[in-house]
Amino acid sequence: MTVRTRFAPSPTGYIHVGNVRSALYPYLIARQTSGQFILRIEDTDQARFVEGAEDLIKDTLNWLGLNWDEGPVFGQTDKETGDFGPYHQTSRREIYLKWARELIDRGLAYADPYSPEEVQAFRDQAKSEKRAFLYRQHRPNNPPEWHLGMPLRFRVPEIKRYTWRDAVMGEMSAGPEALDDFILIKADGLPTYNFAHIVDDFEMKITHVIRGAEYVASMPKYLSLYEALGFDMSQSDAHQVIEQGDDKSTSTPQPDKPRLPIFAHVPHILAPSGNKKLGKRDGAKSVTEYRDEGILPEAMINFLAQLGWNDGTEQDVYSLNELIEKFSLDRVQRSGARFDEQRLIWLNGQWIRRLELDDLYDRVSDLWSDSAINYDEAYKRQVLVLAQDRLKTLCDLPNLTSYFFEEPPIDEDLITNNKQLRKLTAEERRDLLETARTELAKIAGWTPEDIQNCLNELLEITGQKPGILFSLIRIVVTWAPFSPQLNDTLALIGRERTLIRLQEYLNL
């Protein structure tokens, strides 16, 4: 079996972290089996269609390195690649209508004659009688002949229990109460998701359907439709429907029938509180927002892969190639995965430190402070070497390095908010800085080694602890909350600027 997985987003807005994880897992399965990863655009919900959303989807996948084998071509409008297109559902209308007419001919689909008001009355009646609303209980005896412009409903052929195996959730079961007549073709002539994805997955030879846990509740309806469409429902190692009705036996696969895909429903991504699904109100952002805030694609992939999966080890940092090698659906957890943005930022810092200097320099080329434009590349590279270990996001660069390029404004709060420095009187601070400036001015070579030797001597001269003396010098020279190692920082700032900054504070 050639593995074929798919990511099938709807172009209805920004692409969020849950969407990307729904693309990442099938991508990993396809790549580790030398299969194909397909991008399909499910654009039948025209009421929610957002112009430009498809380009955003493709741009996000491309940025993350999740390159697809078939589907819309990145960077080119109205062009597709692959042998199983079209890959936009709105361009597949006739395919759905062909399948729909087959169901009509077999008595398994009918025109919905009711108005929205009548359907609502049925719902209200069920509510008043304290029972679940099932449309099939109001199925018309003599429905009109169906034509475009009318909703077309699936007629559930048999009310029974389904039990199936999910590659993540394990063995699952649902009874007749989960089966109902649902719409196949809407009044606008376009299919519903419930119908279109089953047709598309078959036509495109998809072997693995990997999606969010919210679709589990609809699986009995899907299985009923699969069976009505003539799919082989038998159990095998790769295909998981294992029980229907009262028949619990395992049947022999039938080669003349299409096979069910492997189903895998992955857990919800939960809000930081852990008690609900992650949403915009919980601070959820689009993937492009994270990119704009300086998150690396490597960190985002690493982070999302571990939202609900681990390989049983203590490893935290995974490259995409390592994920391809180690990922497996049987290691995906069944419970929800809590979204922790601080972990994402931590992973981002880990990945920044792993980058080669040339690579990092290219990635931050547009992020330097305005004053850095007056400095040559060699100097900026030296700054970047010192800042690399301090960066949590790429966008931290201007704030962490501006004092290398411009005179920083004096900020007394950095001293008064320091638990150790605020214990010093103004006179004690002045004495320490005067001594430090005098000794630093004596350095001949101004190399990091020379500066460190001088700093060590200052500890002996002043009798102060490094946490006090070095912090005071660092703050007065940089006026920044953090900086790289003090001797390296002073060496790159230079003798003249270091001494001037110390003197300017003393002059106050």
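The aromatic rings of H197 and Y193 lie parallel to each other, their planes meeting at an angle below 30°, with 60° marking the opposite boundary. F327 and Y25 have tilted rings, their planes meeting at an angle from 30° to 60° on a 0 to 90° scale.
Remark: L304 CG to I269 CD1 distance equals 6.0 Å, nearest 0.5 Å. Between the CG atom in L64 and the CG atom in L296 there is a gap of 11.0 Å [rounded to 0.5 Å]. Interatomic distance, T478 OG1 to I493 CD1, rounded to the nearest 0.5 Å: 6.5 Å. Rounded to the nearest 0.5 angstrom, L490 CG and T498 OG1 are separated by 5.0 Å.
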When you look at Y290 and N348, which way does the side-chain hydrogen bond (donor to acceptor under 3.5 Å, both in side chains) test go after all the steps?
CA-CA 11 Å; Y290 284 112; N348 201 59; over 6 Å; no

| query | Is there a salt bridge (charged side-chain N to carboxylate O under 4.0 Å, His left out) between D181 and R153 once you walk through the steps? | reply | CA-CA 6 Å; D181 294 359; R153 281 190 182 267; over 6 Å; no

- I would like to know whether F202 and F231 meet ring pair (Phe, Tyr, Trp, His ring centres under 6.0 Å); could you show each step before the answer? CA-CA 10 Å; F202 170 73; F231 279 69; 5.6 Å; yes

Note to self: Is there a ring pair (Phe, Tyr, Trp, His ring centres under 6.0 Å) between Y505 and W479? Walk through the geometry before answering.
What the structure shows: CA-CA 11 Å; Y505 186 63; W479 293 110; 5.4 Å; yes

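I185 places none of its side-chain heavy atoms less than 4.5 Å from the side chain of W99. Using a 4.5 Å heavy-atom cutoff, the side chains of I475 and D411 are not in contact. Counting heavy atoms from C-beta outward, V317 and Q350 have side chains that approach closer than 4.5 Å. Contact check for R474 versus S483: side-chain heavy atoms found under the 4.5 Å cut-off. Side-chain contact between E325 and Q32 is absent, with no heavy-atom pair separated by less than 4.5 Å. Taking 4.5 Å as the limit, some side-chain heavy atom of F195 sits within range of a side-chain heavy atom of L103. Put simply, the side chain of I473 reaches to within 4.5 Å of the side chain of L455, judged on heavy atoms. Looking at R165 and F263, their side chains never come closer than 4.5 Å, going by heavy atoms from C-beta outward.
There is no side-chain donor-acceptor pair under 3.5 Å between T12 and S10. Between the side chains of N487 and Q485, at least one donor N or O lies within less than 3.5 Å of an accepting N or O. Inspection of the D311 and Y318 side chains reveals an N or O donor paired with an N or O acceptor under 3.5 Å.
A salt bridge between D359 and R363 is present, with a side-chain N of the basic residue lying under 4.0 Å from a carboxylate O of the acidic one.
Pairs passing the ring-ring contact (aromatic ring centres under 6.0 Å, His included) check and including a residue from residues 48-91, sequence neighbours excluded, do not occur. Judged as a ring-ring contact (aromatic ring centres under 6.0 Å, His included), the pairs with a partner in residues 355-402 (not counting sequence neighbours) are, in order, W368-F405, Y375-Y379, Y375-F405, Y379-F405. Residue pairs meeting the salt bridge (charged side-chain N to carboxylate O under 4.0 Å, His left out) criterion with at least one partner in residues 192-209, sequence neighbours excluded, are R6-D201, R40-D200, R40-D201, R92-D200. Residue pairs satisfying the salt bridge (charged side-chain N to carboxylate O under 4.0 Å, His left out) criterion with at least one member in residues 53-74, sequence neighbours excluded, are listed as follows: R4-E70, R31-D69, E54-K58, D55-K58, D59-R291.
Looking at residues two or more places apart in sequence or on another chain, you find a side-chain contact (heavy atoms from CB on, under 4.5 Å) between S218 and Y222. By the side chain to side chain donor-acceptor pair (under 3.5 Å) test, R381 pairs with D358, E377, sequence neighbours left out.
Note that R354 lies in the cation-pi zone of W351, set by a 6.0 Å cut-off to the ring centre and a 45° limit from the axis.
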